[in-house]
Amino acid sequence: MKLLLVEDNEKVANFVLKGLAEAGHTVDHADNGRDGMFLAAGEPYDAIILDRMLPGGVEGLAIVDALRKTGNRTPILIVSALGDVDERIRGLRAGGDDYLVKPFAFGELLARLDALLRRAQPGTIQTTLALDDLRMDLLSRKVTRGGKQLDLQPREFKLLEYLLRHANQVVTRTMLLENVWDFHFDPQTNVIDVHVSKLRQKIDGGQVKPLLRTVRNAGYMLRSDD
Amino acid sequence: MINPLRFSAAGVALAYGIISLLVLALFAAPLWYSWSTAIDGGRVERLDGDAARLSAVARAHGIPALVAVIDASVDGTEHTISRVLLLADAAGRPLAGNLAAWPDIAPARGPQLHTLNVHGRAIRVAYVSSALPDGYRLLVGNNVERFEKLERIFQYGLLGCSITLLVISVAGGLLMRHALLSRIGRIEQTTSAIVQGNLSSRLPTPLGNDELDALTRTVNRMLEQIEQLVQGVREVSNAIAHDLRTPLAALRYRLEEVVLTQPPLERTYAEIDAAILDVDEVLAIFNALLRLAEIDSGARRAGFTAIDVADVAAEVVEYYLPLAELKGITLDYAGPARLPAQGDRLMVAQAVGNLIDNALKYATGRGTINVSTAMHGAGVAISVADNGPGIPEDQLDKVVQRFYRVDPSRVMPGAGLGLSQVEAVARLHGGTLKLASNHPGLRATLFLHTVPEER
């Protein structure tokens, strides 16, 4: 995928550039707002990673605003040290697709970026989600593994639905917290792990082929081996 | 409404004097007018009456009879001349009366007021003249010096009144100014002391109930708040120093050790992973502090929406349930189906989460945690009760302080900001956090006002 990184801090930029290159992306880099705006408007990108406070006279949100006003729908992941709830809301209202607060773990950035890239592909309305022999019927709200029905709590259903929609992608704990529970804060103790392990028992318990994996230093991934 | 205290003290005194004079003038003017018209009217009536009676004598009995009447009236022996009479013929020669000659003045309607020479004395006379048959003319007058004296006395009285009023109002204004200035001076002295750094100074407690007293009390309340905040900041900086230094020191030792011992690659990576966890711990403390500042600023109140507290609490309980099960602790929730309130869902969820988190953290063995919500007066109450070790009664107040931990060795995980956060959320919602003993255990109750604007 072709990405644009607009980030003025050299260390952060190098760290992100290296990581994204390793993940197989082609990345252009602008270290100020003006160049960032120029590149974002002129080149077709699959996604843009954008800092908010930028030198060069053009602020991050101004770039988002300008792109959206010209009908450019490229997914934008805003990365900023401004972490207040109000600031996040401002970033998303301006037209950003996701908001990540600095400092962040690279795994978190990559996972959110993947989710954005996936979201950008126009999808048809699905009534069933499936991975390997795990099937979820969104209408009857039934989940089966190998034809055997699983008994899930409503929240476990939502959790599995999110994981299935992002199958073969890393999903971080924060993403689950925000999207499954709608909790946009860090609870003191991370209970997500316990929820996921309960869910894992239900879908992978007694199965030869586990589907729900833990990704070290990042989060979780639902995937089949092949 | 114009607040009189907004003027300076000198301005108040001046305005007071001017207003008093204005009031006096407005009061005296109609009095003066009615007094003078009454006197003038009476005078004209009397003079006209006299003139008519004397004319009647002349018409009925002839001029000689009138001369006799006039001569009898003004025999020149009276000590004070009160009446002035003059009968003159067509040529203006005086025939009778106490006036030497017909006054040389243009005839006019109404009473004339002139200084006339009567028996060699100049006196102020008000008179009317009337024409008699055959060209005879009659002048009837009155000595008005008596009235003029009275008039002057009235004027002097008015002047005296004005001066007295002016003196009183100026003196009163000055006294008022002095009183105001001395009270303001006291306020200024105290505030200067505070500026110098003596934050515990307070304005003298007022006994009265006027605007300045109300202001004094408000200022005192403000000082109280400032002192608390400054105290809080001081405590927080000390606590940050302690709580951040610990993980930072651990991180430093870890990294230093890796450099010094140069362990095999495998171990090095493990150490780096551990170092990242150390940094995350530091970041978590930072985030908690920033979050606290965000709540404290009160700016979040703009984001208040209609929320269902019962729903929020149930959601948070559900979130923690698997963890409780894992620890063998019973966590249950009881409350009404709906509990509508105005608030910030995330803040309330985080507050309830912190309370449950704490209860889980300190629970031992087969504990139970009961979460419940209920209507409470004009708001709602969310309570989290456990049967864990609880908090000693004498420390119940202190635990809300930032970074305070009952556990003196600070071995339990967590930054000690949890309860402060809950307290800040309560304050944001115009409510309070109450901690009490649950015999045994701790019962934390979060009161939220549904309409925080009415605080």
Subject >> Pair B:Arg254 + B:Glu257: basic N to acidic O under 4.0 Å >> reply: no
Subject >> Most chain B-contacting option - heavy-atom pairs closer than 4.5 Å, from A:His184, A:Arg216, A:Arg155 >> reply: A:Arg155
Subject >> Structural part of B:Asp280 lying under 4.5 Å from a heavy atom of chain A >> reply: neither
Subject >> Value rounded to 0.5 Å, distance of OH in B:Tyr319 from CG in B:Asp357 >> reply: 8.5 Å
Subject >> Value rounded to 0.5 Å, distance of CG in A:Asp98 from CZ in A:Arg112 >> reply: 4.5 Å
Subject >> Ion pair A:Glu22/A:Lys18, N-O distance below 4.0 Å >> reply: no
Subject >> B:Glu318 portion near chain A, given a 4.5 angstrom heavy-atom threshold >> reply: both
Original post:
Charged N to carboxylate O under 4.0 angstrom, A:Arg90 versus A:Asp65?
Top reply: no
Original post:
Quick one: what part of A:Leu159 sits under 4.5 Å from any heavy atom of chain B, side chain, backbone, both or neither?
Top reply: neither
Original post:
Which atoms of A:Asp193 come close to chain B, meaning under 4.5 Å heavy atom to heavy atom: side chain ones, backbone ones, both, or neither?
Top reply: neither
Original post:
Between B:Leu283 and chain A, which part of the residue has a heavy atom less than 4.5 Å away: side chain, backbone, both or neither?
Top reply: side chain
